[in-house]
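Encoded as structure tokens, the structure appears first; notes follow it.
Below, each value reflects all heavy atoms present in this structure, side chains not excepted, and no hydrogens, waters or symmetry copies. Quantities reported herein were computed from a predicted structural model and do not represent experimental measurements.
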Amino acid sequence: MAVRKKLNQTLTDFIKRQNLFFVATAASDGRVNMSPKGLDSLRVIDDNRIVWLNLTGSGNETAAHLRASNRMTLMFCAFEGDALILRVYGSAKTLHPRDAGWDDAVAQFPAMAGSRQVFDMTIDMVQTSCGTGVPLMKFEKQRGPEELLPYYADMGEDGVRDYWGRKNTQSIDGVETGIFGTDAASFD
């Protein structure tokens, strides 16, 4: 295991080759959440900063947790080629479509229906480990372009906002996500 304070070019190149990453967050109490993420939704800004586009989903745990505690961990695993696990630790902030700076942040990514937040992570530690326990698997394709993106595109912006109101205002532990402002009442 190796620990360092920031990414280097080798680790940045490794991240760019991955089709999947995991994000983990937790409030001070309640459940820890870890979610898989894919598509063209992550950018390494520099050795100390990563941003990623969060699309609408059935929950919104990451946003809720970051309101309570700004800790975030991203994990990348080599499923092809040489074994490696990379964990990136840091603090993150949430940027919503209503926020100043949203247009610039989201412009770093292809347009994707259901774009919900951009998470901006400042790195404070990077850890690598061998990853020999991770299986070798062949990547076939991303499901999102055929399944996820058309689902939210067909809803339209108003339908997506309605979905957020029904599914994305609180975490599974009842923590507000801030999707419509300071609390769920902002949706009304």
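- The local environment of CE in Met125 is crowded, with over 12 non-hydrogen atoms from other residues, nucleotides or ligands closer than 6.0 Å.
- When all heavy atoms are compared, the tightest approach of Cys77 to Val134 is CB-CG1, 4.2 Å.
- In this structure, Met34 is a member of the same hydrophobic cluster as Phe79, with clusters built from ILVMFWY side-chain heavy atoms closer than 4.5 Å.
- The closest donor-acceptor contact from the side chain of Arg161 to the backbone of Gly156 lies at 3.5 Å or more, if one exists at all.
- More than 12 non-hydrogen atoms from other residues, nucleotides or ligands lie less than 6.0 angstrom from CE of Met137.
- Among all heavy-atom pairs drawn from Leu53 and Ser115, the shortest one is CD2-OG, 3.7 Å.
- The structure places CG of Leu7 at 7.5 Å from CG of Asn48, a figure rounded to the nearest 0.5 Å.
- The backbone N or O of Ala26 lies less than 3.5 Å from a partner atom in the side chain of Arg71, making a donor-acceptor pair.
- Listed for the Asn168 side chain is a donor-acceptor partner under 3.5 Å among the backbone atoms of Gly57.
- The side-chain heavy atoms of Gln108 and Ile45, taken from C-beta on, include a pair separated by under 4.5 Å.
- Of the possible donor and acceptor atoms, one in the side chain of Asn8 sits under 3.5 Å from a partner among the backbone N and O of Thr10.
- The hydrophobic cluster containing Tyr163 also contains Leu148, counting ILVMFWY residues as joined when their side-chain heavy atoms lie under 4.5 angstrom apart, directly or transitively.
- The nearest pair of heavy atoms linking Thr94 to Gln117 is CG2-CG, 3.6 Å.
- The CE atom of Met1 sits 7.5 Å away from the OG atom of Ser129 when rounded to the nearest 0.5 Å.
- Contact of the Val175 side chain with the His65 side chain is not registered, since no non-hydrogen atoms from C-beta on lie closer than 4.5 Å.
- Without hydrogens or angle criteria, Asp46 side chain to Arg49 main chain gives a donor-acceptor distance under 3.5 Å.
- In this structure, a donor-acceptor pair under 3.5 Å is present between the side chains of Lys37 and Asn54.
- When hydrophobic clusters are built by joining Ile, Leu, Val, Met, Phe, Trp and Tyr residues whose side-chain heavy atoms come closer than 4.5 Å, directly or via intermediates, Val106 is grouped together with Leu39.
- Taken to the nearest 0.5 Å, the CD1 atom of Ile15 stands 4.5 Å off from the CD1 atom of Ile50.
- Grouping Ile, Leu, Val, Met, Phe, Trp and Tyr residues whose side-chain heavy atoms lie under 4.5 Å apart, directly or via other members, leaves Leu136 alone, with no other cluster members.
- Across all their heavy atoms, Val88 and Met121 have their closest contact at O-CE, 3.2 Å.
- Closest approach of Ser41 to Phe21, counting heavy atoms only: OG-CE2, 3.8 Å.
- Residue Gly165 comes nearest to Thr169 through the heavy atom pair O-CG2, 3.8 Å, listed as atom of the first residue, atom of the second, then distance.
- No donor-acceptor pair under 3.5 Å is formed between the side chain of Thr177 and the backbone N or O of Ala63.
- Counting heavy atoms from C-beta outward, Leu55 and Leu149 have side chains that approach closer than 4.5 Å.
- Counting only distance, with no hydrogens or angles, the side chain of Glu146 and the backbone of Arg143 share no donor-acceptor pair below 3.5 Å.
- One hydrophobic cluster, built from ILVMFWY side chains closer than 4.5 Å, holds both Tyr89 and Val3.
- Met72 has its side chain within reach of Thr62: a pair of non-hydrogen atoms, C-beta onward, lies under 4.5 Å apart.
- Residue Cys130 holds its SG atom at 6.5 Å from CD1 of Ile85, rounded to the nearest 0.5 Å.
- Remark: side-chain polar atoms of Gln170 are not paired, donor with acceptor, to backbone N or O of Ala64 under 3.5 angstrom.
- Here the straight-line distance linking atom CZ of Phe76 with atom NZ of Lys16 works out to 12.0 Å at 0.5 Å rounding.
- Using a 4.0 Å cut-off between charged side-chain N and carboxylate O, Asp162 and Arg166 make a salt bridge.
- The number of heavy-atom neighbours closer than 6.0 Å to CD of Glu157, taken from other residues, nucleotides and ligands shown, is 12 or below.
- A 4.5 Å side-chain heavy-atom check between Leu11 and Arg4 finds at least one atom pair inside the cut-off.
- Of the possible donor and acceptor atoms, none in the side chain of Gln127 sits under 3.5 Å from a partner among the backbone N and O of Arg87.
- Grouping the Ile, Leu, Val, Met, Phe, Trp and Tyr side chains by contacts below 4.5 angstrom, directly or via other members, places Ile179 with Met155.
- Note that OG1 of Thr128 is 9.5 Å distant from CZ of Phe14, once rounded to the nearest 0.5 Å.
- Listed by chain and number, the residues in a side chain to side chain donor-acceptor pair (under 3.5 Å) with Thr56 are Trp164 (sequence neighbours excluded).
- Between Trp52 and Val23 there is a side-chain heavy-atom pair separated by less than 4.5 Å.
- The closest donor-acceptor contact from the side chain of Arg31 to the backbone of Ile172 lies at 3.5 Å or more, if one exists at all.
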